[in-house]
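Report on the structure given below.
Side chains included, hydrogens not; waters and symmetry mates left out as well; all remaining heavy atoms used. Naming convention: chains lettered A, B, ... in sequence-line order (proteins, then strands); numbering from 1 in each chain. Small disclaimer: the values here were computed from a predicted structure and weren't measured.
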Protein chains: 2
Amino acid sequence: MESIKDVAREAGVSTATVSRVLAGKPYVSEKARAQVLAAVDKLKYRPNRAAQTLRSQRSTTIGLLVSDIRNPYFTAVSRAVEDVAHEAGYSIFLCNTDENPEKEALYLKEMADKNVAGVIYSPTKQSAETLTPNQFGFPIVLVDRNTPNSDIDTVLLDNVTAGERLTFHLLENGYRRIFGVFGEASTTGEQRREGFLRALRSMELSPVGESFTTPRIQGGLTAAMNALQAANPPDAIFTTNSLLAAGALSAIHKCQLRIPDDVALVGFDETTWSTLVQPQLTVIAQPTYEIGQTATEMLLKRIEDPKRSARKVILSGELLVRGSSAAR
Amino acid sequence: MESIKDVAREAGVSTATVSRVLAGKPYVSEKARAQVLAAVDKLKYRPNRAAQTLRSQRSTTIGLLVSDIRNPYFTAVSRAVEDVAHEAGYSIFLCNTDENPEKEALYLKEMADKNVAGVIYSPTKQSAETLTPNQFGFPIVLVDRNTPNSDIDTVLLDNVTAGERLTFHLLENGYRRIFGVFGEASTTGEQRREGFLRALRSMELSPVGESFTTPRIQGGLTAAMNALQAANPPDAIFTTNSLLAAGALSAIHKCQLRIPDDVALVGFDETTWSTLVQPQLTVIAQPTYEIGQTATEMLLKRIEDPKRSARKVILSGELLVRGSSAAR
DNA sequence: TTGTAAGCGTTATCAC
DNA sequence: GTGATAACGCTTACAA
């Protein structure tokens with residue numbers, strides 16, 4: 001592999017000049033610049049990233065820590081992150097933490113070892129609680145989940161409002177006996193629940209039941225199954241992510257109930273399947289691509305300017321009303 | 001940050017000894033080993049990856065190049081890849097190539113710049129044609145797609161057989177006017193088509209029509225729409241991935257046709273939604289996790305032993321018969 | 001079994 | 001404007 005020395009020799013300049021040209025630094029004569037560029041071209045020179053990172057202590061890699069890439073929300077976010085990062089010359093390290101604080105800590109250390117420029121991170125509630133801006137030696141931007149610390153850049157849905165709106169929609173359509181299925185371990189499920197309860201309270205209602213479970217299909221299935229087979233079954237099920245909704249839908253099918261006549265179903269996140277099932281699923285759609293995009297842009301800006309003031313970007317979800325919650 | 005020198009000083013040995021201990025190399029006394037380990041522990045020393053990579057010319061990172069992580073097949077594979085890689089101490093770089101050979105080439109170069117230990121790669125047909133084992137300076141393992149070159153490690157589904165089996169299933173159930181929707185740009189769609197045609201030919205039939213399209217929802221939608229509105233509509237639609245199936249299903253809904261009475265639908269890949277739609281979708285399920293796992297294990301073995309003979313691992317898919325292709 | 005020391009390919013500080 | 005040159009933190013001959 002050609003090194004910067006080869007380029008310097010070819011261009012008839014020193015390695016310092018080559019480095020300056022490539023870094024776009026000032027104080028290089030037009031002539032030298034042209035010679036260097038020609039040499040780079042001729043030798044097809046590409047700088048060695050490890051050497052750059054070692055010397056400069058910063059890399060062009062950003063970490064992406066999500067609980068599970070198979071959750072369609074994170075899949076969509078990660079695509080946006082990768083697009084924007086790559087556009088800016090960064091690569092991404094992908095990690096799955098499985099909502100496990102120990103795994104999170106482990107990965108974060110590995111990120112530090114690799115001198116990542118920054119990390120986009122979706123922490124468990126537990127990890128989120130103690131987060132501080134300079135804890136890791138690199139900047140972080142939170143996505144999907146919040147932290148009590150307002151000094152940390154964060155991109156979030158307005159979860160409380162979204163939960164409230166989705167619940168109001170059910171109430172408006174005549175549902176009164178609503179069961180809530182919430183993902184545990186994250187602030188997100190909690191906030192959506194808060195909106196859920198707020199809407200119910202405003203009509204002096206309480207949920208017919210609530211379940212907190214791992215935010216995966218099996219969790220949604222079990223929770224909904226229990227709810228539907230209880231003495232006092234719900235007329236609507238409110239879920240806080242697409243996996244829980246899938247599980248709940250499966251439970252409804254298993255119980256041979258009709259949607260929405262026997263029980264309505266609503267959830268979060270627009271997925272491939274939400275308009276493929278019949279009736280179609282009413283959801284709060286999140287602007288997933290924008291979320292990933294915004295988070296990455298924020299991270300890149302902070303990498304450039306570490307003293308930039310922190311900000312929380314709150315995006316609003318869109319209620320997509322469909323057949324699964326039709327008026328009774 | 002502590003460096004290896006600090007550890008050496010603390011342990012009262014040289015940096016060479018520290019390095020030997022940490023690399024698990026022989027010829028270190030038990031005493032020295034213990035001292036080093038104690039020092040590492042005390043100082044919470046973690047080796048700098050950039051320095052290791054620069055010096056040794058190999059990193060603990062592997063690249064994962066897929067066309068689009070949002071394709072559930074690749075999502076599932078990537079999860080397995082990350083699991084196995086991490087277990088072995090490797091991190092993964094994720095890249096989306098969008099079936100674009102130029103993007104593929106670009107990313108592959110970036111991988112080289114970063115000294116990746118190897119790459120798991122799902123090439124377009126075009127890129128696959130000229131692949132050679134040492135083209136990039138690091139080993140590659142192909143997933144999902146084949147190359148004419150038998151010297152390249154590959155993990156694949158037995159696509160021809162799978163396509164054939166899925167088609168036979170339709171034929172057995174009385175469907176005769178079958179339309180094929182194939183993903184273009186990859187060998188996979190091609191091979192599945194080969195099986196499809198082979199099954200039809202064995203009964204002296206031809207497809208009622210064929211469409212080659214970008215393997216995404218919109219492609220499936222348009223292709224199926226055209227087929228269904230043609231003068232000579234099919235009684236079954238055969239698709240080669242889950243996105244195409246989703247598009248086709250959408251088209252069938254749009255045309256207000258009933259499945260399977262008006263038209264049957266079959267596809268590839270088990271997804272969250274294949275058992276959520278009604279009737280449920282008949283598919284060839286691929287062992288996606290195993291595919292990712294196997295590919296990663298193969299790559300790690302080749303990294304260890306570059307002269308290991310190349311192998312193609314062909315896994316078989318499982319036909320899951322469901323309502324969308326019930327006997328007529 | 002251990003230590004010395006020479007790089008790996010950059011960047012950045014000097015001095016010119 | 002430019003060029004020597006000293007790091008960055010590690011691995012690995014080679015010598016002892």
| field | Spacing between A:Asp113 atom CG and D:dC8 atom C1', to the nearest angstrom | value | 16 Å
| message | What's B:Thr53 touching, base or sugar-phosphate or nothing? Going by heavy atoms closer than 4.0 Å. | response | nothing
| Checking all strands, does A:Ala32 fall into the base, sugar-phosphate, or nothing category for heavy-atom contacts under 4.0 angstrom? | sugar-phosphate
| said: Taking the minimum atom-to-atom distance to the side chain of B:Asn48, which one of C:dG9, D:dC8, D:dC10 wins? | reply: D:dC10
| request: Can you tell me the distance, in whole Å, between the CE atom of A:Met1 and the C1' atom of C:dG7? | output: 19 Å
| task | Would you kindly say whether A:Glu104 and A:Tyr121 are connected by a side-chain donor-acceptor distance under 3.5 Å? | result | yes
| query | Of the candidate nucleotides C:dT2, C:dA12, C:dC8, which contains the atom at the shortest distance from the side chain of B:Val28? | reply | C:dT2
| said: If I take atom CG in residue B:Asn115 and atom C1' in nucleotide C:dC8, what distance separates them, rounded to the nearest angstrom? | reply: 10 Å
| task | From the options D:dA13, D:dG3, C:dT10, select the nucleotide whose nearest atom is closest to the side chain of A:Pro47. | result | C:dT10
| message | Rounding to an integer number of Å, can you tell me how far B:Leu43 CG sits from D:dG9 C1'? | response | 15 Å
| query | Would you say B:Ser29 reaches C:dT2's phosphate, i.e. side-chain N/O to OP1/OP2 under 4.0 Å? | reply | yes
| field | Spacing between B:Leu54 atom CG and C:dG9 atom C1', to the nearest angstrom | value | 6 Å
| query | Are side-chain heavy atoms of A:Arg216 and A:Asp68 found at a separation under 4.5 Å? | reply | yes
| field | Length of the CZ-C1' vector between B:Arg20 and C:dT2, whole Å | value | 6 Å
| task | Identify which nucleotide among C:dG7, D:dA13, C:dG9 has an atom closest to any side-chain atom of A:Ala51, counting heavy atoms from C-beta outward. | result | C:dG9
| message | Is A:Gln57 close enough to D:dA7 that one of its side-chain N or O atoms is under 4.0 Å from OP1 or OP2 there? | response | no
| task | Could you work out which one of D:dC10, D:dT12, C:dA12 sits closest to the side chain of A:Thr15? | result | C:dA12
| request: Between D:dC10, C:dG9, C:dT4, spot the one nearest the side chain of B:Ile4, thanks. | output: D:dC10
| field | Nearest-nucleotide pick for A:Thr17, side chain only, options being D:dG1, D:dG3, D:dC10 | value | D:dG3
